[in-house]
Amino acid sequence: MKANIKYIGCDDAELRLFESQYVTPDGMCYNSYLIIDEKVAVMDSVDPRKTDEWLKNLEASLEGRKPDYLIVHHMEPDHSGSISAFRKAYPDATIVASNKALTYMTQFDESLDMTNTKAVSEGDVISLGKRSLIFISAPMIHWPEVIMTYCPEERVLFSADGFGKFGVIDADADDWACEARRYYFNICGKYGQPVNNVLKKAATLKIETICPLHGPVLEGAMLNEAIRLYTIWSSYGIETEGVLVAHASIHGNTAKAAERLGEILKAKGAGRVVVADLCREDMAEVIEDAFRMNRMVVCASSYDGDVFPPMHQFLWKLQRKAYQKRTMGIVENGTWAPVAAKAMRALISPMKDVKIVEPIVSLRSAMKTTDIPALEALADAMLS
């Protein structure tokens with residue numbers, strides 16, 4: 001960090017489920033920063049699980065000073081959950097946020113003292129003395145109230161949830177992209193255009209450091225790589241040429257067909273091929289791969305006159321996250337009335353610029369030798 005900017009965030013190493021849905025084997029971090037100048041600014045608070053630790057970090061870093069401002073970039077409770085405790089500890093500090101964020105504060109805590117607050121919007125500036133804070137409107141990354149802050153004197157961008165990742169702050173320090181990718185597509189993936197809009201704003205700034213609300217501070221080569229990947233991700237571009245084969249199999253027969261298809265694709269030179277079990281693997285990981293690669297085959301059993309629920313959930317989530325600009329193939333299975341393909345088509349059809357290739361492979365109960373030519377033909381169509 002810079003000489004006058006201190007990290008005061010907290011690791012939550014015991015957290016195993018972020019937002020009650022995303023597996024976090026390496027925990028999570030809630031980042032907060034302190035800028036010390038003629039005036040003192042605190043950049044965000046932390047999840048209520050870590051309020052006491054955060055306040056201790058803050059007090060120790062202040063070294064007898066008092067904060068003049070608390071800048072609130074984002075109102076999700078993992079970042080705003082300690083605002084009330086901050087207000088009680090430092091009642092004279094001004095809480096700075098967007099108009100929407102100030103409204104949300106009382107929605108989360110009706111007892112919060114709102115007498116000393118300041119609303120900011122695009123281009124507003126607060127002087128701390130030698131340093132200034134310029135506010136950037138960043139709606140729908142991934143909530144409507146979000147702002148970012150740029151400090152031109154230090155060339156630092158405080159990026160809210162942008163450029164965040166799962167894990168404690170030093171988890172997988174040499175592989176930022178892995179958990180940043182899973183984080184982006186599952187949390188921010190729907191909002192590619194708003195992310196792209198902010199990237200355009202950032203391109204006009206001289207940035208040496210990005211301070212996100214989750215994950216490590218980004219500088220140097222890691223910063224450049226993060227911006228490169230965000231440019232691809234936010235435009236729904238292709239990061240890796242390859243094929244994802246995602247399957248949802250009740251008794252294992254559809255899974256066997258998916259594995260065989262994966263082998264056929266590799267033999268035909270498909271490059272990277274990932275075969276994923278939607279019933280057993282972390283679905284957030286599979287969604288990450290779906291966005292990462294340019295082709296996907298979905299293989300599923302028929303179930304209750306529809307498609308097996310894990311596949312329904314997977315395709316529904318992709319639809320919600322604005323999956324687009326991809327090529328897809330379909331393999332269905334059924335004993336007396338295969339209907340999975342029809343159900344999957346219905347879930348895929350609202351997706352933008354998604355092409356479904358022929359043939360649709362329809363299995364009866366289990367893959368047989370006579371089904372191999374259809375799988376070969378599907379592989380050829382996927383690679384053409």
Side-chain angles (χ1 to χ4, degrees), residues 19 21-22 142 181-182 184-193 233 236-238 242-255 257-259 261-262 265 273-364 367 374-375 377-379 381-382:
E19 290 190 353
Q21 59 180 319
Y22 300 115
H142 52 117
R181 187 185 298 107
R182 185 166 72 100
Y184 176 86
F185 285 118
N186 285 279
I187 294 178
C188 304
K190 179 178 180 180
Y191 305 107
Q193 188 57 58
W233 297 346
Y236 304 97
I238 308 304
V243 184
L244 168 66
V245 182
H247 64 81
S249 183
I250 303 171
H251 300 293
N253 290 310
T254 307
E259 294 284 355
L261 178 60
L265 285 162
V273 176
V274 175
V275 179
D277 183 348
L278 294 172
C279 302
R280 292 166 179 80
E281 297 179 27
D282 176 13
M283 194 169 289
E285 292 272 9
V286 188
I287 287 171
E288 170 193 340
D289 277 330
F291 278 97
R292 181 176 186 171
M293 293 185 280
N294 57 323
R295 295 176 172 87
M296 175 168 64
V297 180
V298 287
C299 313
S301 308
S302 301
Y303 191 86
D304 285 345
D306 204 286
V307 66
F308 194 38
M311 179 59 75
H312 187 284
Q313 183 185 22
F314 175 63
L315 292 174
W316 179 84
K317 283 191 172 186
L318 285 178
Q319 191 187 111
R320 298 301 86 186
K321 299 301 179 183
Y323 185 76
Q324 58 186 266
K325 301 179 183 178
R326 299 297 192 273
T327 298
M328 292 186 67
I330 294 176
V331 177
E332 69 170 357
N333 194 0
T335 297
W336 64 92
V339 293
K342 179 181 178 181
M344 287 188 280
R345 273 188 181 276
L347 289 161
I348 295 167
S349 61
M351 299 178 189
K352 181 181 177 182
D353 295 333
V354 172
K355 175 187 175 183
I356 299 175
V357 303
E358 299 290 343
I360 304 299
V361 178
S362 186
L363 309 175
R364 288 298 179 123
M367 178 183 61
L375 292 175
L378 176 57
M382 290 297 297

Mind listing the closest non-hydrogen atom pair of [X] and [Y] along with its distance?
{"X": "Leu265", "Y": "Met382", "result": "CD2-CB, 4.5 Å"}
{"X": "Val286", "Y": "Ala246", "result": "CG1-CB, 4.3 Å"}
{"X": "Glu281", "Y": "Ala276", "result": "OE2-CA, 3.5 Å"}
{"X": "Ala290", "Y": "Phe314", "result": "CB-CZ, 4.3 Å"}
{"X": "Val361", "Y": "Ala374", "result": "CG2-O, 3.7 Å"}
{"X": "Leu261", "Y": "Leu375", "result": "CD1-O, 3.7 Å"}

Q) Does anything in residues 318-360 pair up under ring-ring contact (aromatic ring centres under 6.0 Å, His included), and if so which pairs, sequence neighbours excluded? A)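 Found Phe291-Tyr323.
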Report, one line per pair, each donor and acceptor closer than 3.5 Å where one atom sits in a side chain of residues 302-313; sequence neighbours left out.
| from | atom 1 | to | atom 2 | distance (Å) |
| --- | --- | --- | --- | --- |
| Ser302 | OG | Asn333 | O | 2.9 |
| Ser302 | OG | Val339 | N | 2.9 |
| Ser302 | OG | Ala340 | N | 3.1 |

Spacing of [atom1] belonging to [X] relative to [atom2] belonging to [Y], to within rounding of 0.5 Å:
{"X": "Asp277", "Y": "Asp282", "atom1": "CG", "atom2": "CG", "answer": "12.0 Å"}
{"X": "Leu315", "Y": "Leu347", "atom1": "CG", "atom2": "CG", "answer": "5.5 Å"}
{"X": "Gln21", "Y": "Met283", "atom1": "CD", "atom2": "CE", "answer": "11.5 Å"}
{"X": "Cys279", "Y": "His247", "atom1": "SG", "atom2": "NE2", "answer": "8.0 Å"}
{"X": "Asn253", "Y": "Cys299", "atom1": "CG", "atom2": "SG", "answer": "13.0 Å"}

Does any non-hydrogen side-chain atom of [Y] lie less than 4.5 Å from one of [X]?
{"X": "Val331", "Y": "Leu378", "answer": "yes"}
{"X": "Arg292", "Y": "Val274", "answer": "no"}
{"X": "Gln324", "Y": "Met351", "answer": "no"}
{"X": "Ile348", "Y": "Ile330", "answer": "yes"}
{"X": "Thr327", "Y": "Asn294", "answer": "no"}

Scan for salt bridge (charged side-chain N to carboxylate O under 4.0 Å, His left out) pairs involving [range], sequence neighbours excluded, and state none if there are none.
{"range": "residues 347-363", "value": "Arg345-Glu358"}
{"range": "residues 322-343", "value": "none"}
{"range": "residues 312-322", "value": "none"}

(Q) Could you check whether any side-chain N or O of Ser249 sits under 3.5 Å from a backbone N or O of Thr254, counting only pairs where one atom can act as donor and the other as acceptor? (A)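 Checked: pair present.
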Distance-only criterion, 3.5 Å: show the donor-acceptor pairs between side-chain atoms of residues 184-191 and protein atoms not counting sequence neighbours.
| from | atom 1 | to | atom 2 | distance (Å) |
| --- | --- | --- | --- | --- |
| Asn186 | ND2 | Arg182 | O | 2.8 |
| Asn186 | ND2 | Ala284 | O | 3.0 |

